[in-house]
Protein chains: 2
Amino acid sequence: MPVPMSYTQIADDLADRIKSGEYPPGSKLPSYNELSTLYSVHFGTIARVIALLRDRGVVIGSPGRGTFVPD
Amino acid sequence: MPVPMSYTQIADDLADRIKSGEYPPGSKLPSYNELSTLYSVHFGTIARVIALLRDRGVVIGSPGRGTFVPD
DNA sequence: AGTAATTTGTTCGTATGTATC
DNA sequence: AGATACATACGAACAAATTAC
């Protein structure tokens with residue numbers, strides 16, 4: 001089994017993907033459950049990643065709707 | 001029982017205390033265990049608070065030594 | 001109209017690793 | 001060698017908002 005990425009690495013990876021245009025402004029990121037599958041980590045780890053990106057202003061979370069890249 | 005502060009509120013409270021001079025540059029913050037007692041929250045919640053303040057550059061953690069206010 | 005499912009968000013408990021004293 | 005302290009992750013539970021049917 002490969003060593004899973006740490007939450008900071010996942011945060012940096014997601015930030016890079018957003019910056020590169022993979023997730024353009026206004027777009028919706030995969031759900032927590034999808035991200036936890038994509039990165040093979042626990043749900044709570046993804047929640048921590050998103051919380052970090054939120055604090056950095058990289059994404060905006062909207063309970064019940066999703067996580068979005070600000071315009 | 002009083003409603004406990006959320007981890008963001010605790011982070012803001014600590015940041016305010018640092019800014020006000022209660023924890024001057026170079027000083028050492030209370031340990032995770034002490035903070036979790038002070039704020040009546042779980043150890044893991046304090047770890048999350050410190051992680052947030054670390055990301056903001058407000059504190060620097062040093063495993064085995066403590067958490068410090070940068071100069 | 002109303003219930004169930006989905007999604008974000010927080011917290012506790014526990015375990016483990018690493019560094020320092 | 002042992003105790004202390006920071007740091008990360010998993011599992012589980014729960015709340016609140018939204019969406020789907």
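Just so it is clear: chains get the letters A, B, ... in the order the sequence lines come, proteins before strands, and each one is counted from 1.
Residues passing the side-chain hydrogen bond (donor to acceptor under 3.5 Å, both in side chains) test with A:Thr8, sequence neighbours excluded: A:Ser6. Partners of B:Glu22 by salt bridge (Lys or Arg N to Asp or Glu O under 4.0 Å), not counting sequence neighbours, listed by chain and number: B:Arg17. Residues forming a ring pair (Phe, Tyr, Trp, His ring centres under 6.0 Å) with B:Tyr23 (at least two apart in sequence, or on another chain): none. Listed by chain and residue number, A:Tyr7, A:Arg48, B:Arg54 satisfy the side-chain contact (heavy atoms from CB on, under 4.5 Å) test with B:Ala51 (two or more places apart in sequence, or in another chain). The ring pair (Phe, Tyr, Trp, His ring centres under 6.0 Å) search around A:Tyr39 returns none, not counting sequence neighbours.
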Report all side-chain donor-acceptor pairs from residues 56-71 of chain B shorter than 3.5 Å, counting only partners two or more places apart or in another chain.
residue : atom : partner : partner atom : Å
B:Arg56 : NE   : A:Asp55 : OD1          : 3.4
B:Arg56 : NE   : A:Asp55 : OD2          : 3.1
B:Arg56 : NH2  : A:Asp55 : OD1          : 2.8
B:Ser62 : OG   : B:Arg65 : NE           : 3.0

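Judged by distance alone, with hydrogens and angles left aside, the side-chain atoms of B:Thr37 form a donor-acceptor pair with the main-chain N or O of B:Asn33 at under 3.5 Å.
Two residues are said to be in side-chain contact when any heavy atoms from C-beta on lie closer than 4.5 Å; B:Leu35 and B:Ile50 meet this criterion. At least one side-chain heavy atom of A:Met5 sits under 4.5 Å from a side-chain heavy atom of A:Asp13.
Of all the heavy atoms in A:Leu53 and A:Ala15, the pair that sits closest is CD2-CB, 4.3 Å. Shown here for B:Ser27 and B:Pro24, the closest heavy-atom pair between the two residues is OG-O, 2.5 Å.
Counting to the nearest Å, the P atom of C:dT10 and the CD1 atom of A:Ile46 are 15 Å from each other. Rounded to an integer number of Å, the gap from A:Lys28 NZ to C:dT6 P is 13 Å. Regarding A:Asn33, its CG atom lies at a distance of 8 Å from the C1' atom of C:dT7, rounded to whole Å. Regarding A:Leu29, its CG atom lies at a distance of 11 Å from the P atom of C:dG9, rounded to whole Å.
Once rounded to the nearest 0.5 Å, the distance linking CG of B:Leu29 with CD1 of B:Ile18 reads 5.0 Å. The CG atom of B:Leu52 lies 11.0 Å from the CD1 atom of B:Ile10; values are rounded to the nearest 0.5 Å.
The stretch residues 58-71 of chain B comes close to DNA chain C through B:Pro63, B:Gly64, B:Arg65, each having a heavy atom under 4.0 Å from the strand. Non-hydrogen atoms lying under 4.0 Å from DNA chain D are contributed by nothing in residues 50-57 of chain A.
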Please write out each protein N/O paired with an N/O of nucleotides 11-13 of chain C under 3.5 Å, distance rounded to 0.1 Å.
residue : atom : partner : partner atom : Å
C:dT11  : OP1  : B:Tyr7  : N            : 3.3
C:dT11  : OP2  : B:Tyr7  : N            : 3.2
C:dC12  : OP2  : B:His42 : N            : 2.9
C:dC12  : OP2  : B:Thr45 : OG1          : 2.6
C:dG13  : N7   : B:His42 : NE2          : 3.3

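Note that the first and last nucleotides of DNA chain D, 5' to 3', having any atom under 4.0 angstrom from a heavy atom of chain B are D:dA5 to D:dT8.
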